[in-house]
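What you see below is based on every heavy atom in this structure, not just the backbone, and it leaves out hydrogens, waters and symmetry mates. Not measured: the values here are computed from a predicted model.
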Amino acid sequence: YTTGDTSDVAGVSFTVNAVSGPALIFYPRRHVAALGEVIQFQILAEEIVDLTAVEFTFDYNQNALEIISITQGSIFQESGESFFFTEEDNGSITISTALWNNEEPSVTGTHDIAIIEMQVLQTVESELTFDGTETFRDALNNSINISATVNGLVTSQ
């Protein structure tokens with residue numbers, strides 16, 4: 001400000017929506033971590049409507065990352081009873097979850113499905129990738145189209 005007057009302040013409000021839903025995404029999309037550090041990803045169902053069940057598999061480099069825990073997210077916990085299963089198989093994790101016997105048969109919005117805690121074992125860049133078999137279902141067991149998937153990335157230093 002050449003005159004020193006800062007009374008005229010301009011502001012711009014905007015929203016960024018880089019992924020159109022319904023989508024399945026790792027959040028945050030990227031972690032920069034030190035060797036030995038424990039990091040956490042959430043896997044989100046974004047902009048979903050009438051979701052009752054989810055199943056997906058993601059692959060990761062088990063030489064570079066060690067899974068410490070996988071816990072159920074909040075997606076179905078407020079709607080009543082649900083089930084949550086995980087299966088680990090040589091660098092692949094399959095997660096299945098659904099509402100069970102509820103008065104509210106589905107959820108809408110953006111919610112976390114699972115929380116993945118892992119430790120960095122090597123100083124390499126490692127991607128966590130969905131394998132293409134991910135499924136969203138509504139209360140009538142109809143498939144819900146998934147518009148986008150966003151993988152996770154761990155860069156270690």
Side chain to side chain donor-acceptor pair (under 3.5 Å) between Asn151 and Thr129, intermediate numbers included: CA-CA 5 Å; Asn151 296 325; Thr129 57; 5.2 Å; no
Step-by-step side chain to side chain contact (heavy atoms under 4.5 Å, CB included) determination, Arg30 to Val32: CA-CA 7 Å; Arg30 180 176 181 222; Val32 177; 3.8 Å; yes
Arg29 vs Leu153, side chain to side chain contact (heavy atoms under 4.5 Å, CB included): CA-CA, chis, key distance, verdict: CA-CA 6 Å; Arg29 294 181 185 178; Leu153 182 65; over 6 Å; no
Trace of the side chain to side chain contact (heavy atoms under 4.5 Å, CB included) decision for Ile93 with Ile43: CA-CA 12 Å; Ile93 304 285; Ile43 299 179; over 6 Å; no
Derivation and outcome, side chain to side chain contact (heavy atoms under 4.5 Å, CB included), residues Thr86 and Glu88: CA-CA 7 Å; Thr86 64; Glu88 200 166 339; over 6 Å; no
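In terms of heavy atoms, Val120 sits closest to Ala34 at CB-O, 3.7 Å. Here the closest non-hydrogen pair linking Phe136 and Ala45 is CZ-CB, 4.1 Å. Smallest separation of non-hydrogen atoms from Pro28 and Phe41: O-CE2, 2.8 Å. Residues His31 and Gln40 share a closest heavy-atom pair of NE2-O, 2.7 Å. Between Gln72 and Ser82, the shortest heavy-atom distance links the atoms NE2-OG, 2.9 Å. Residues Asp50 and Thr108 approach most closely at N-OG1, 3.1 Å, considering heavy atoms.
Here Ser74 contributes atom OG and Ile113 contributes atom CD1; the two are 10.0 Å apart, rounded to the nearest 0.5 Å. Taken from CD1 in Ile48 to CD1 in Ile75, the straight-line distance is 5.0 Å, to the nearest 0.5 Å. To the nearest 0.5 angstrom, Glu125 atom CD is 11.5 Å from Asn61 atom CG. We find the CD1-CG distance between Ile39 and Leu65 to be 6.0 Å, quoted to the nearest 0.5 Å. Once rounded to the nearest 0.5 Å, the distance linking OG1 of Thr97 with CG of Leu51 reads 9.0 Å. Distance CD/Glu55 to OG1/Thr94: 6.5 Å, rounded to 0.5 Å.
Taken together through direct or relayed side-chain contacts under 4.5 Å among Ile, Leu, Val, Met, Phe, Trp and Tyr, Leu44 and Val150 form part of one hydrophobic cluster. Follow the hydrophobic side-chain contacts under 4.5 Å out from Phe84 and you reach Val54 in the same cluster. Using a 4.5 Å cut-off between side-chain heavy atoms of Ile, Leu, Val, Met, Phe, Trp and Tyr, with links allowed through other members, Tyr60 and Ile115 fall into different hydrophobic clusters. A continuous path of hydrophobic side-chain contacts links Ile67 to Leu128 [ILVMFWY only; heavy atoms under 4.5 Å]. Phe76 and Ile70 fall within the same hydrophobic cluster, defined by Ile, Leu, Val, Met, Phe, Trp and Tyr side-chain heavy atoms under 4.5 Å apart, directly or through other members.
At least one side-chain heavy atom of Thr135 sits less than 4.5 Å from a side-chain heavy atom of Arg137. Residues Phe56 and Thr149 have side chains not in contact (no heavy-atom distance under 4.5 Å, counting atoms from C-beta outward). No side-chain heavy atom of Pro22 sits less than 4.5 Å from a side-chain heavy atom of Glu46.
Side-chain atoms of Ser156 do not come within 3.5 Å of backbone N or O of Leu35 as any donor-acceptor pair. A donor-acceptor contact shorter than 3.5 Å is absent between the side chain of Ser147 and the backbone of Asn145. Although no hydrogens or angles enter the test, the distance criterion places a donor-acceptor pair under 3.5 Å between the side chain of Thr110 and the main chain of Glu47.
Residues Phe130 and Phe26 bring their aromatic ring centres within 6.0 Å.
No more than 12 heavy atoms of other residues, nucleotides or ligands shown are found within 6.0 angstrom of OH on Tyr27.
Checked by atom type, the side-chain pair Asp138/Thr52 shows no donor-acceptor distance below 3.5 Å.
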